[in-house]
Amino acid sequence: MAKMKRDRHPMPLLDAAVRVNRFDEVALGYTLEMAIEEAQRCLKCKNPTCEIGCPVQSPVKDFVALLAEGKVAESVKRLREVNRLPAICGRVCPQEEQCESKCVMGVKFEPVAIGRLERFVADWERQHGFGELEPVASRGVKVAVVGAGPAGLTCAGDLAALGYQVTVFEALHAAGGVLMYGIPEFRLPKEIVETDVRRLEEMGVEFRYNVLVGRTVTIDDLMEKDGYSAVFIGTGAGLPKFMGIPGENYSGVYSANEFLTRINLLRAYKFPEYDTPLKVGKRVAVIGAGNTAMDSVRTALRVGAEQAMIVYRRTEHEMTARREEFEHAEEEGVQFNFLTNPVEILANEDGWVTGLKCVKMELGEPDESGRRKPVTVKGSEFVMPVDTVIMALGTTPNPILLRTTPGLQSNKWGCVVADPETGATTRPGVFAGGDAVTGAATVILAMGAGQKAARAIHEYLEKQAAVHA
Amino acid sequence: MYRILKMRQLTPVTRLYVVDAPLVARSAQPGQFIILRVGATGERIPITITDFDREAGTVTIVVQEVGKTTKWLAQLGEGDYIHDFAGPLGSPVELPAQGRVALVGGGFGTGAILTIAKALHGRPGITVDAIVGARNQDLLILADEVSANVDRFLACTDDGSYGYKGFVTGVLQEKIKAEEGYDLVIAVGPMPMMRAVAEVTRPYAIYTLASMDPIMLDGTGMCGACRVRVGGENRFACVDGPCFDAHKVDFEEVTRRTKMYKAEEKAALEHFEHQHEHEHECQCKKTAAVR
């Protein structure tokens, strides 16, 4: 047997100096040779712990083994039986905390690059054409899915595969949710999301855009007037948080949601070919250090900022962004101001941002999150000259659906109360999952919730049918 | 895609569209708005609902040509399609069961008071005055429709070509002073007008609502661009509004924020007009070549 390669194959990247001026995807993906070589590093464990690490239990062992034999078509077919969005997961999942963290190779060496292999097979499939869909007998039962984000798309796909007639109601004019409006093109090309949505359409899923459930139609309407036997709520956590510091309404202050939506969903970077405008100054400060903050600060560089910086009250070690995103941002020239907390936004007489007043922080005792709590250093106030401020502080669920749906219970954070195993809410026939239930989390956790809910909806509807038979 | 069933030119720069949008019509309430996108490269703009017909499944909007998007829309006529038409958005305006109400409309805002007038019309214990203004008689819109749904229709024009000579605030002030005042005033129109209305009613402590029209992207609570300071607190016009207590709105701030993209709006319009001149030239050349 050939000597086992200890290190994983590195991901080929677009050069930092080149990529910072454009929206092209940063990670270029493996070649077939690289992919097969990497797949051959898999130990084919009898008990594949990597699969336990995956929120949707992707068949990692099988798909990697088929790929190692060069059977790419079979490999992706096997993967797709469980995971409906592999090209997306391969790009945006935090594999280092999930499948790859459980890889036995990783105990002594580097874990198998499962995410990169997942991306490879999915991209290969997109380039070589999708296989024929196996026909599914229709059950003639209608299910409504509210929200076309990762949870909703997964739930819709799983239900359609079981023969349900699924309609996805989406408030915006495009499907994908955060995959479309939030995650930038250079990390997740929109064409990939569009392709996966088309695939669902081919499976018979119907998409209705510009429908804000709770306003355009209510859940009562859907179930009582429009004949839907069950509803899945996957409305995400879309409401942006602000800090509540003085000056937040000055011109030049954005929520990360607004900034990213203008660029990703509405293509403001192509203004005036596209009509949505965007104003970005020369010096941009992004407050926060999660993945959305990294997306915002790297996007700012691509739309003309000369300097783009992260302002974060804790340190590098407490950041919630993926290591990879942090490294890519650093390579691109993003500046990091750790232990720095904004206290006020300053502006000129016309109300345009001119600076960010901050204080320095130091780490004290651990707080309830287990992270050491930042404390203000007395007399450390200073002004950072900036002309654009982007708040990337996290999001909370949208209240509209809860306000307009009687019998649906929420918790004190405004999240829908749902059983973590089934997604069942306090209202019969109504299920929920993803950020709407958990608060802002990851794409893959939302997909996992969509998958579980699809199973639970199927069980619920079978039971209903038995009762009425 | 949403079909334009009827188009009516109200003034040289204002048009009324009746749009086929059954789901929007089914749920629409007075005070709410829609967001439309003319085409696939378009921006999303909020427009107040002027009227709706649940049975016919139609929603009526009034649009004034001010920038690229509205000029693009103005090129569409009956039978054409609007790419996206999402709604109804925003919280419906809370209307009283009784009392004296003044609906104040300025410019194209007059269209937006129609749906409120209709909802109040015929309620026992309610009297409604419509106070509407325009620069001159030709720019006064929907006078017949609004006057048919209110107790008194009080029009005014800047040049006196129709009704009172002067601004809506003058008429409002006069009516408050001369008569027993109002229990509720609702103002819809340009920001300076709504601000002036708030100042007229403030000394009398008359509850006054203003329909905010800030910059907005999604209209569902997601972007936060529409945040308006009301009573010192940030509120999202798309979720909690668009109507807010006019005495508590920070008009100075919201006015400044709506002008954030003035330069870009101008650039977009110039780009659009240039493209059109170009198209026009090309067609002329083609015609000439055929000859």
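In what follows, every chain begins at residue 1, and chains take the letters A, B, ... in the order their sequences are listed.
You'll find the side chain of E206(A) stays beyond 4.5 Å of the side chain of Q165(A), heavy atoms only.
Electrostatic pairing of R3(B) and E78(B) does not count as a salt bridge here, judged by no charged N lying under 4.0 Å from a carboxylate O. The existence of a salt bridge linking R256(B) and E252(B) is excluded, since no basic side-chain nitrogen approaches an acidic carboxylate oxygen closer than 4.0 Å. The existence of a salt bridge linking R208(A) and E170(A) is excluded, since no basic side-chain nitrogen approaches an acidic carboxylate oxygen closer than 4.0 Å. Salt-bridge formation is detected for the pair K118(B)/D51(B): a Lys NZ or Arg NE/NH1/NH2 atom is positioned less than 4.0 Å from an Asp or Glu carboxylate oxygen. Using a cutoff of 4.0 Å between basic side-chain nitrogens and carboxylate oxygens, D245(B) and R202(B) are not scored as salt-bridged. The existence of a salt bridge linking K270(A) and E273(A) is excluded, since no basic side-chain nitrogen approaches an acidic carboxylate oxygen closer than 4.0 Å.
Only the side chain of R403(A) comes within contact range of chain B, judged by heavy atoms closer than 4.5 Å. If you measure heavy-atom distances from L266(A) to chain B, the contacts under 4.5 Å come from the side chain alone. For N234(B), the part lying under 4.5 angstrom from a heavy atom of chain A is the side chain only. For Y181(A), the part lying under 4.5 angstrom from a heavy atom of chain B is the side chain only. At a 4.5 Å heavy-atom cutoff, F272(B) makes no contact with chain A through either its backbone or its side chain. At a 4.5 Å heavy-atom cutoff, R267(A) makes no contact with chain B through either its backbone or its side chain. Heavy atoms closer than 4.5 Å to chain A are found in the backbone of C238(B), but not in its side chain. Both the backbone and the side chain of N249(A) come within less than 4.5 Å of a heavy atom in chain B. For chain A, no part of L36(B) is nearby; none of its heavy atoms comes within less than 4.5 Å. Contact annotation for L217(B): only side-chain heavy atoms (C-beta onward) come within less than 4.5 Å of a heavy atom of chain A. In this structure, chain B has a heavy atom under 4.5 Å from the side chain of L212(A), while its backbone stays farther away. With a 4.5 Å cut-off on non-hydrogen atoms, Q29(B) does not touch chain A at all. Using a 4.5 Å cut-off between heavy atoms, A40(B) contacts chain A through its backbone alone, with no side-chain atom that close. Looking at K241(A), there are no atoms closer than 4.5 Å to chain B (heavy atoms on both sides), in backbone or side chain.
Separation of atoms NE2 (H173(A)) and CG (D218(B)) is listed at 10.5 Å; rounding is to 0.5 Å. Note: E253(B) CD to T258(B) OG1 = 11.0 Å, rounded to the nearest 0.5 Å. Interatomic distance, CD1 of I245(A) versus CG of L356(A), reported as 6.0 Å (0.5 Å rounding). Within the model, atoms CD1 of I116(B) and SG of C243(B) stand 6.0 Å from one another, a figure rounded to the nearest 0.5 Å.
Residues Y17(B) and T60(B) have side chains that never bring a donor and an acceptor to within less than 3.5 angstrom of each other. When only modelled atom types and interatomic distance are considered, T218(A) and D220(A) share no side-chain donor-acceptor pair under 3.5 Å.
Here Y228(A) and F169(A) bring their ring centres to under 6.0 angstrom of each other.
The choice from A237(A), G214(A), P277(A), P399(A) that makes the most heavy-atom pairs within less than 4.5 Å of chain B is P277(A). Chain B forms the most heavy-atom pairs under 4.5 Å with one residue out of G351(A), S255(A), A174(A), and that residue is G351(A). Listed options A268(B), A263(B), G42(B), G90(B) were ranked by heavy-atom pairs under 4.5 angstrom with chain A; first place goes to G90(B). Most heavy-atom pairs under 4.5 Å with chain A: of the set G39(B), G67(B), A267(B), S91(B), this distinction falls to S91(B). Counting heavy-atom pairs under 4.5 Å between each of F271(A), F259(A), Y209(A) and chain B puts F271(A) at the top. Among G219(B), P92(B), S27(B), A21(B), the residue with the largest count of heavy-atom pairs under 4.5 Å with chain A is S27(B). Ranked by heavy-atom pairs shorter than 4.5 Å toward chain B, the options D221(A), V211(A), L265(A), T395(A) are led by D221(A). Chosen from R257(B), Q32(B), R37(B), the residue pairing most often with chain A at heavy-atom distances under 4.5 Å is R37(B). Across I34(B), V24(B), V239(B), the residue that shares the most heavy-atom pairs under 4.5 angstrom with chain A is V239(B). The candidate with the highest count of non-hydrogen atom pairs below 4.5 Å against chain A, out of G224(B), G221(B), A225(B), is G221(B).
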